[in-house]
Amino acid sequence: MIGTPVLQKIRFLSLPEAPTQTTGLSLKLKEQECLSLMKRCKNMEEFKQVHAQVLKWENSFCASNLVATCALSDWGSMDYACSIFRQIDQPGTFEFNTMIRGYVNVMNMENALFLYYEMLERGVESDNFTYPALFKACASLRSIEEGMQIHGYIFKRGLEGDLFVQNSLINMYGKCGKIELSCSVFEHMDRRDVASWSAIIAAHASLGMWSECLSVFGEMSREGSCRPEESILVSVLSACTHLGALDLGRCTHVTLLRNIREMNVIVQTSLIDMYVKCGCIEKGLSLFQRMVKKNQLSYSVMITGLAMHGRGMEALQVFSDMLEEGLKPDDVVYLGVLSACNHAGLVDEGLQCFNRMKLEHGIEPTIQHYGCIVHLMGRAGMLNEALELIRCMPIKPNEVVWRGLLSACKFHHNLEIGEIAAKSLGELNSSNPGDYVVLSNMYARAKRWEDVAKIRTEMARKGFIQTPGFSLVEVERKIYKFVSQDMSHPQCKGIYEMIHQMEWQLKFEGYSPDTSQVLFDVDEEEKRQRLKAHSQKLAMAFALIHTSQGAPIRIARNLRMCNDCHTYTKLISVIYQREITVRDRNRFHHFKDGTCSCRDYW
């Protein structure tokens, strides 16, 4: 066999000898044989052998298919496909489209756009297959100007009404942050398919426009012309997760069960994420435990979910299970683990995990990890140790780290270290009005009213406005928003009458308003009035009016819950026999029978 050509050794890839005269029939047979062999190629070595045989024919049909096979196969090579493409004297629309798609598939978006411009220069006409890949390239590069220019060419080619082109435009404009242009394309469509709805819902979701995302999904459901596909339902789940819309999330889960025979890991993980972030940790755990196949993201979502609910020891057990399964943790997983220790007050375990991350798994702590440890130590009262850690960090501490220390100082009433943290935030040119408010509140608690006035004056000079506290509550699948001291709600009178009834009942439970939470230099009566109209209390009153006896109440807040609201909600849960779940930014409190799941540690 020595000296035998490679092409002769592999018989199944050899073509019949070319006849001396090429007839129409023999040419057709060659083309069919060529296609057959290309379909059987499983790697570049086999493909090159077929290419070597086809070279002698100088057949444009075979050359085009060689380009397509090499550019679009999983085992292909764009460099090799380009070398074949460049040997074609007059490549046409098909060849250019194929190369553009190939570059997009391997994420070489710049070359895809360059090839399109070459296509224009050569005068090769584009068609409706040219543009979806180009818009995908523009979306990936966030090249809105190029995308709009190409949109202009579509009008010249008369392709503005093509469904596939329109769907690609919606997607491109959405990913480039131009939602108004996405909506414009969508609204002017004569016909919409499920991909059109998927694109416009995903466009809103990518910009965090969660309420609008659900609104569009509602419009799609009412129209009833399309059956929601998996990608749409995942976007809807994300919206439910961010809005805390559990009832709609449950309906979406039912829709998934009806429409999808077998949910993949991504969908299952999205469901778990929705349930745990809407307050249903037990349901999330149940789904997680039933998963046949789990990946790193599944474990990360479950660990973070348990952390949010203050179930630190369970989060550590899930982390241990992940390691036993042979999955390697990354920095995101460890951030969830440290958060779990932080929320549960597991100082020793948190410090052990922090060291293990570096020594055992070789993960360098990021500023987020240091911030978590500082908050963990500070919340446990180890303020001096937390300050020392910040000063010894190998990374320059950022606003989040100093803000965590300032928050801990507020909790423990340590004004000395709090002033150090506030000064450091000022040196970092912090533009967060919350930092000024925390320091102002610490001065107010110490009755240093002159310093309070100085802070407020500085905030006014810099144009800082304190973020108003608000609470969201879900009633009958709708989300209602309440702000503190709200008098604008259409049912304002009924809500405040309910507040009056609640406070009457609370007196019999020994409740006394904690006016120390009102950090204004006003009399006690005004302080009680201010406490009465906190957004969480208004939301609870509204829910008690509009939900049936015994129904659970779910509330989400944008600011940390004050001590008075925490005590108030514990007592309301026992008086009205309700389970009340409050999402306090990134932490859940489950109130039942007069107790809270956080065990008063938050």
Trace of the side-chain contact (heavy atoms from CB on, under 4.5 Å) decision for Ile150 with Cys138: CA-CA 10 Å; Ile150 296 170; Cys138 293; 3.9 Å; yes
Evaluate whether atom [atom1] of [X] has more than 12 neighbouring non-hydrogen atoms of other residues, nucleotides or ligands under 6.0 angstrom away.
X	atom1	value
Tyr80	OH	yes
Ile266	CD1	no
Lys136	NZ	no
Glu145	CD	no
Glu427	CD	yes
Arg192	CZ	yes
Glu262	CD	no

Kindly say whether [Y] contributes a backbone atom to a donor-acceptor pair with the side chain of [X] at under 3.5 angstrom?
X	Y	answer
Thr269	Val265	yes
Ser73	Thr69	yes
Arg157	Ser126	yes
Ser182	Gly174	yes
Thr304	Val301	no
Glu125	Thr93	no
Ser140	Ala137	no
His204	Ile201	no
Gln166	Glu160	yes
Asp331	Tyr334	no

Are any non-hydrogen side-chain atoms of [X] and [Y] less than 4.5 angstrom apart?
X	Y	value
Leu207	Lys178	no
Met322	Ser298	no
Met274	Thr252	no
Trp75	Phe47	yes
Leu248	Leu243	no
Leu141	Glu146	no
His375	Leu338	no
Val104	Met109	yes

Step-by-step ring pair (Phe, Tyr, Trp, His ring centres under 6.0 Å) determination, Phe217 to Trp197: CA-CA 8 Å; Phe217 178 66; Trp197 291 101; 9.3 Å; no
Rounded to the nearest 0.5 Å, what separation is found between the [atom1] atom of [X] and the [atom2] atom of [Y]?
X	Y	atom1	atom2	value
Glu230	Ser270	CD	OG	9.0 Å
Ile170	Ile179	CD1	CD1	9.5 Å
Ser235	Ile200	OG	CD1	11.5 Å
Leu316	Arg311	CG	CZ	13.5 Å
Met263	Leu271	CE	CG	5.5 Å
Asp435	Leu425	CG	CG	4.5 Å

If every non-hydrogen atom of [X] is compared with every non-hydrogen atom of [Y], which pair is closest and at what distance?
X	Y	result
Ile367	Pro397	CD1-CA, 4.0 Å
Asp584	Leu559	OD1-O, 3.3 Å
Ala112	Leu134	O-CD2, 3.9 Å
Pro91	Phe85	CB-CE1, 3.6 Å
Cys82	Met99	CA-CE, 3.7 Å
Gly147	Phe135	O-CE2, 3.6 Å

Assess the side chains of [X] and [Y]: does a donor N or O sit below 3.5 Å from an acceptor N or O?
X	Y	answer
Asn342	Ser339	no
Asn171	Ser168	no
Ser196	Asp193	yes

Evaluation steps, side-chain contact (heavy atoms from CB on, under 4.5 Å), between Glu349 and Val337: CA-CA 10 Å; Glu349 291 85 347; Val337 171; over 6 Å; no
Do [X] and [Y] have their ring centres less than 6.0 Å from each other?
X	Y	value
Phe164	Tyr131	no
Phe129	Phe94	no
Phe96	Tyr116	no

Parallel, tilted or perpendicular: rings of Trp210 and His242 (30°, 60°):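 Taking Trp210 first and then His242, their aromatic rings lie parallel (interplane angle under 30°).
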Plane angle bin for Tyr299 and Phe288 - parallel if under 30°, tilted between 30 and 60°, otherwise perpendicular: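 Plane angle over 60°, so perpendicular.
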His253, Lys283, Glu282 screened by side chain to side chain donor-acceptor pair (under 3.5 Å) with Tyr275, the one that passes: His253
Side-chain ion pair, Arg86 and Glu118, N-O less than 4.0 Å: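 Judged by the 4.0 Å cut-off on N to carboxylate O distance, Arg86 and Glu118 do form a salt bridge.
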Any residue meeting salt bridge (Lys or Arg N to Asp or Glu O under 4.0 Å) with Arg356, in chain and number order, not counting sequence neighbours: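 Result, salt bridge (Lys or Arg N to Asp or Glu O under 4.0 Å) vs Arg356: Glu360.
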Chi angles and distances behind the side-chain contact (heavy atoms from CB on, under 4.5 Å) call for Leu169, Met172: CA-CA 5 Å; Leu169 270 169; Met172 186 271 291; 4.1 Å; yes
Residues Gln317, Leu306; criterion side-chain contact (heavy atoms from CB on, under 4.5 Å); working and verdict: CA-CA 10 Å; Gln317 182 57 54; Leu306 288 164; over 6 Å; no
